[in-house]
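Values in this document were obtained by computation on a predicted structure and should not be read as measured data.
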Amino acid sequence: SDLDISKPGLQASYAVTGRAGEVRLYQLKPGEKADLQWLKIRFGTDTTQILSLEGLLKRSNYLYTFEKHLQMQLKPGRGNGTLLSGYRITTKQKLILGSEENLRVSGRVATSDGGRK
């Protein structure tokens, strides 16, 4: 949900800045205010199959700065379905009177039938 740019208030805030082959990059337009700075979507053979999502969120004020880099890898499932195959979340947080805190969480998702569920 952090990578959702289809919300009504955000739809005009992003520009498609790259369409190299199977990759589409949405970047926050200059002067626009939103936490999600950019979103990269990698497609399969057509735009109906998403293979990965990646994005960067930033929040800051005079008390703290916060960054969250999100990545998801997907693979085709049965029919038109899609399965999560891996993810990574990396965060940085810096409070004005504290040291920077970093966190990284990653995982791989496997199914017992080789991803056919």
Rounded distance [0.5 Å steps], [atom1] in [X] versus [atom2] in [Y]:
| X | Y | atom1 | atom2 | value |
| --- | --- | --- | --- | --- |
| Glu101 | Thr91 | CD | OG1 | 8.5 Å |
| Arg108 | Arg88 | CZ | CZ | 11.0 Å |
| Gln49 | Phe43 | CD | CZ | 10.5 Å |
| Leu56 | Gln71 | CG | CD | 10.5 Å |

Residues that Thr65 engages under side-chain contact (heavy atoms from CB on, under 4.5 Å), provided they are two or more places apart: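 Thr65 satisfies side-chain contact (heavy atoms from CB on, under 4.5 Å) with Ser60, Lys94 once adjacent residues are dropped.
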Any residue meeting side-chain contact (heavy atoms from CB on, under 4.5 Å) with Ile96, in chain and number order, not counting sequence neighbours: Leu63
Does one hydrophobic cluster hold both [X] and [Y], with members joined at side-chain heavy-atom distances below 4.5 Å?
| X | Y | result |
| --- | --- | --- |
| Leu51 | Val23 | no |
| Leu103 | Phe66 | no |
| Val105 | Leu53 | yes |
| Ile50 | Ile5 | yes |
| Val109 | Ile89 | yes |

Could you list the donor-acceptor pairs under 3.5 angstrom formed by side chains in residues 34-42, with sequence neighbours left out?
from  : atom 1 : to    : atom 2 : distance (Å)
Asp35 : OD2    : Arg59 : NE     : 2.8
Gln37 : NE2    : Ala34 : O      : 3.2
Gln37 : NE2    : Asp35 : O      : 3.1
Arg42 : NE     : Ser52 : OG     : 3.4

Shortest non-hydrogen separation from Ala12 to Lys29 and the atoms involved: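 In this case the closest contact between Ala12 and Lys29 is O-NZ, 3.0 Å.
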Contact summary for Ser85 and Lys75, nearest pair of heavy atoms: CB-CD, 3.9 Å
